[in-house]
Amino acid sequence: MRTALVYHEEMTAARLLWDDPECEIERPERLTAAVERLQQGGLEQRCLQLAAREASEAELGLVHSPEYVSLLRGTQALSTEELQALSGQYDAVYFHPSTFHCARLAAGAALQLVDAVLTGTAHNGFALVRPPGHHSQRAAANGFCVFNNVAIAARYAQKQHGVRRCVGAAVGWGLRRTESGGVGCSETPCGALLCRGGLLAPRWEAQPLSGLCTPYPRILIVDWDVHHGQGIQYIFEDDPSVLYFSWHRYEHGRFWPYLRESDADAVGLGPGRGFTVNLPWNQVGMGNADYMAAFLHVLLPVAFEFDPELVLISAGFDSAIGDPEGQMQATPECFAHLTQLLQVLAGGRVCAVLEGGYHLESLSQSVCMVVKALLGDPAPPLLGPMVPRHSALESIQSVRAAQAPHWTSLWQQGSTPTLSLSTFLPERRPSAVSPGEPKCKAAEAQTSAVLSSLLDQLHLYATPPVRTVIALTAPAAALVLPPDVLHQEGSAPREETQAWARLHEALTQDTAFTALGKVLHLLNGILDGQVSSGIATTPAAAPTLEVVLRQGLSHGAQRVFCVALGQLDRPPDLANDGRILWLNIRGKEAAALSTFHVSVPLSGTTGGFLSCILALVLPLAYGFQPDLVLVALGPAHGLQDPQAALLAALLRGPAGGRVLVLVEQECTCQLVGVLARVLHGEPPPSLGPFSMASPDDLQALAHLRGQLGAQWEMLQLLLECRELVA
């Protein structure tokens with residue numbers, strides 16, 4: 001992966017010139033600490049390094065008023081007293097003679113990153129910038145933010161880099177509900193089907209408003225900063241070409257910026273309704289399980305339906321553990337997992353731009369984790385139990401209910417969503433915290449100690465020296481692979497292979513025996529930490545899979561998550577002791593034969609397949625927290641190449657990248673090639689146009705939820721949320 005890193009040391013010039021406890025945490029060391037950590041970890045050297053340029057005033061004008069830009073330009077000549085007086089006119093802002101230059105560099109860095117990614121110079125990237133931007137509005141600084149870097153980047157991408165799709169609803173076309181509640185289809189004047197993310201949403205039909213149609217590329221903005229990026233929301237709230245997702249500390253309106261429009265029922269205006277997605281956290285302490293649940297059950301279903309061409313991340317790390325602003329518990333590696341999940345969208349075109357983050361160690365470690373994910377490195381396993389908090393479930397329930405009328409992926413036919421929103425309490429209370437408010441020193445020291453302990457655990461996880469290996473029984477001249485994917489030459493010792501082959505007569509045959517030796521050698525390399533992931537072909541998928549399971553457990557794996565597709569039954573004498581979670585996707589019945597043996601039909605629609613992966617496979621995988629993931633594509637597995645690639649890409653996360661894919665030998669070289677690329681960190685190919693899940697798909701998932709919800713906490717979330725629209 002070619003990852004751009006955009007930075008300029010002159011962005012450290014602006015600093016607070018007077019005493020202001022509220023603003024003192026936004027300091028130059030935020031950037032220098034992150035850069036030093038990237039250098040120490042050898043990550044900066046692996047990136048395409050770009051020096052940030054200043055955004056032009058015309059580029060700033062894509063979002064901000066000329067009067068506001070002129071006002072900021074004038075700050076360069078103001079005295080300290082004048083700067084302090086001007087700063088006092090805004091909420092939680094300070095100005096410095098270098099602020100205008102630094103803020104132009106911050107916006108320009110985001111534009112350079114967009115240029116690099118959309119011209120193909122880089123696959124993805126990170127812009128390390130300050131001041132941050134997501135609170136800044138058209139004519140006002142706010143919350144440390146001067147120019148809205150991500151909003152400017154989104155508008156710049158749309159204006160500067162052309163169009164690949166049309167969003168008819170952006171101007172001149174709206175949606176109205178049909179009398180029958182069915183699907184109404186219409187076409188825009190330019191001939192493109194008016195849609196919400198690739199398919200017209202059920203219960204809605206297109207309706208011309210002015211007869212005009214202007215094309216816009218679709219852009220997804222993901223704001224994981226702990227504060228609500230109201231500036232971005234205001235800029236795009238009536239624009240369906242930009243989908244804005246923000247989670248933020250809210251506490252029923254008692255946390256800064258104390259806005260009613262930060263709650264879940266703020267979904268956008270006019271044609272932009274449904275394209276603002278707010279997830280308010282009403283308690284502190286949200287951790288890895290809560291963040292993953294929000295992605296799996298809110299963001300990703302909507303994002304796949306929206307089908308963006310570019311993903312922009314407002315990457316604030318005040319949502320990470322140790323930060324005095326957020327008081328959350330998500331550990332740095334969680335942000336690598338979130339980044340990996342976003343990389344399956346938009347062909348992997350992901351641009352992260354720094355926002356908040358005020359605990360230097362937590363900030364710098366989290367930045368490194370995101371950069372490693374962008375580079376394609378496997379994410380370390382998530383620390384701690386994957387049990388979402390009750391408050392998180394309530395918040396996710398509220399946002400799903402608010403968004404259900406606007407997205408087919410959150411909607412079921414005949415549903416009547418019941419909205420249970422947060423109670424807005426605008427008055428400040430002692431627990432309310434504004435940006436930069438002083439915290440208890442003793443609590444801060446305790447949090448730092450916890451963070452140090454977690455980081456020590458994280459450092460124990462070493463990235464394997466080899467990322468991806470393929471083990472083939474026969475040469476494949478047509479196979480196209482990344483240059484550093486290795487072809488395995490060796491095999492397990494003959495005695496070891498013979499001992500395992502005795503379990504099944506089919507494995508004693510020459511070709512199957514040779515394949516088994518290669519599979520065992522590859523598996524041992526993964527479990528020994530020499531290889532991250534691999535693909536092996538075999539003419540005898542079922543018996544080979546049983547051997548791999550038994551060898552994995554005997555070689556030190558404590559928990560193995562096995563996803564078997566096609567004609568592959570769970571071996572009857574395999575111990576059901578909780579060490580193996582077997583998920584069979586085979587197109588027959590939906591059944592939970594035990595807590596650790598689940599069968600689900602294979603859906604024929606894009607929406608059904610995505611629902612199965614996001615609503616069942618990944619919650620089970622992350623809840624189980626396996627040491628190893630096995631994906632077996634047996635006879636008649638039924639997956640198209642893009643589906644198999646997406647499944648493999650998403651399953652890189654739960655076991656820290658330790659994935660072994662067994663492929664029936666009759667499968668094509670094209671399938672092996674695409675699987676190797678996604679395991680190596682490249683984005684999967686597009687699934688194509690979105691089509692909603694069938695009633696049978698929904699019924700099967702609902703049945704499994706009912707059977708498994710009591711045992712698997714990540715599925716309990718889905719049970720609670722979907723009951724709102726069931």
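Note that the numbering runs from 1 along the sequence shown for the chain.
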How would you list, by chain and number, every residue that makes a salt bridge (charged side-chain N to carboxylate O under 4.0 Å, His left out) with [X], sequence neighbours excluded?
{"X": "Lys518", "answer": "none"}
{"X": "Arg550", "answer": "Glu546, Asp573"}
{"X": "Arg30", "answer": "Glu26"}
{"X": "Asp641", "answer": "none"}

How many angstroms lie between atom [atom1] of [X] and atom [atom2] of [Y], to the nearest 0.5 angstrom?
{"X": "Trp247", "Y": "Leu299", "atom1": "CH2", "atom2": "CG", "value": "8.5 Å"}
{"X": "Leu220", "Y": "Glu309", "atom1": "CG", "atom2": "CD", "value": "12.0 Å"}
{"X": "Thr463", "Y": "Asp377", "atom1": "OG1", "atom2": "CG", "value": "5.5 Å"}
{"X": "Leu630", "Y": "Leu581", "atom1": "CG", "atom2": "CG", "value": "11.5 Å"}
{"X": "Leu639", "Y": "Leu647", "atom1": "CG", "atom2": "CG", "value": "6.5 Å"}
{"X": "Leu614", "Y": "Leu300", "atom1": "CG", "atom2": "CG", "value": "5.5 Å"}

Least distance between heavy atoms, [X] atom then [Y] atom:
{"X": "Tyr358", "Y": "Asp318", "answer": "CE1-OD2, 3.6 Å"}
{"X": "Pro539", "Y": "Ala515", "answer": "CD-CB, 3.9 Å"}
{"X": "His521", "Y": "Ala492", "answer": "CB-N, 3.4 Å"}
{"X": "Ala649", "Y": "Val344", "answer": "CB-CG1, 4.1 Å"}
{"X": "His297", "Y": "Met714", "answer": "NE2-O, 3.5 Å"}
{"X": "Leu618", "Y": "Leu650", "answer": "CD2-O, 3.7 Å"}

- Message: Before you tell me yes or no, could you show the steps for Leu633 and Glu664 under side-chain contact (heavy atoms from CB on, under 4.5 Å), namely the whole-Å CA-CA distance, both residues' side-chain angles and the distance that decides it to 0.1 Å?
- Response: CA-CA 6 Å; Leu633 303 179; Glu664 184 73 18; 5.9 Å; no
Going by atom types alone, do [X] and [Y] pair a side-chain donor with an acceptor below 3.5 Å?
{"X": "Asn524", "Y": "Gln530", "answer": "no"}
{"X": "His555", "Y": "Asp528", "answer": "yes"}
{"X": "His680", "Y": "Asp484", "answer": "yes"}

Are [X] and [Y] packed together at the side-chain level, in the sense that at least one heavy-atom pair is separated by less than 4.5 angstrom?
{"X": "Leu279", "Y": "Phe245", "answer": "yes"}
{"X": "Val519", "Y": "Gln551", "answer": "no"}
{"X": "Val617", "Y": "Val600", "answer": "no"}
{"X": "Ser599", "Y": "Arg570", "answer": "no"}
{"X": "Trp582", "Y": "Asn576", "answer": "no"}
{"X": "Val226", "Y": "Asp323", "answer": "no"}
{"X": "Val370", "Y": "Ile313", "answer": "no"}
{"X": "Leu687", "Y": "Gln643", "answer": "yes"}

Are the side chain of [X] and the backbone of [Y] linked by a donor-acceptor contact shorter than 3.5 Å?
{"X": "His123", "Y": "Thr3", "value": "no"}
{"X": "Arg349", "Y": "Leu118", "value": "no"}
{"X": "Glu333", "Y": "Leu383", "value": "yes"}
{"X": "Gln343", "Y": "Val350", "value": "no"}
{"X": "Asp290", "Y": "Arg389", "value": "yes"}
{"X": "Ser362", "Y": "Ile321", "value": "yes"}
{"X": "Asp627", "Y": "Gln558", "value": "yes"}
{"X": "Arg37", "Y": "Ser366", "value": "no"}

- Message: Does Val560 form a side-chain contact (heavy atoms from CB on, under 4.5 Å) with Arg579? I'd like the steps, not just the answer.
- Response: CA-CA 6 Å; Val560 180; Arg579 293 191 297 166; over 6 Å; no
- Query: Can you list every side chain to side chain donor-acceptor pair (under 3.5 Å) pair that touches residues 612-625, not counting sequence neighbours?
  - Reply: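 Pairs touching residues 612-625 that pass the test: His337-Tyr622.
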- Item | Atom CD of Gln670: over 12 foreign heavy atoms under 6.0 Å |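 Not more than 12 within 6.0 Å, no.
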- More than 12 heavy atoms of other residues, nucleotides or ligands under 6.0 Å from CD of Gln39: is that the case?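 Enclosed.
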- Query: Is the gap between the ring centers of Tyr291 and Trp224 under 6.0 Å?
  - Reply: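 No, ring centres 6.0 Å or more apart.
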- How far apart are the C-alpha atoms of Val531 and Gln488, what are their side-chain angles, what is the distance that settles it, and do they pass the side-chain contact (heavy atoms from CB on, under 4.5 Å) test? CA-CA 11 Å; Val531 177; Gln488 177 180 285; over 6 Å; no
- Evaluation steps, side-chain contact (heavy atoms from CB on, under 4.5 Å), between Leu354 and Leu31: CA-CA 9 Å; Leu354 184 64; Leu31 286 192; 3.7 Å; yes
- Item | Any residue meeting ring-ring contact (aromatic ring centres under 6.0 Å, His included) with Phe596, in chain and number order, not counting sequence neighbours |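 With neighbours one apart ignored, the set is Trp712.
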- Query: Among Val114, Leu50, Asp115, Leu48, which one satisfies side-chain contact (heavy atoms from CB on, under 4.5 Å) with Val6?
  - Reply: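 Between Val6 and the candidates, side-chain contact (heavy atoms from CB on, under 4.5 Å) is satisfied uniquely by Leu50.
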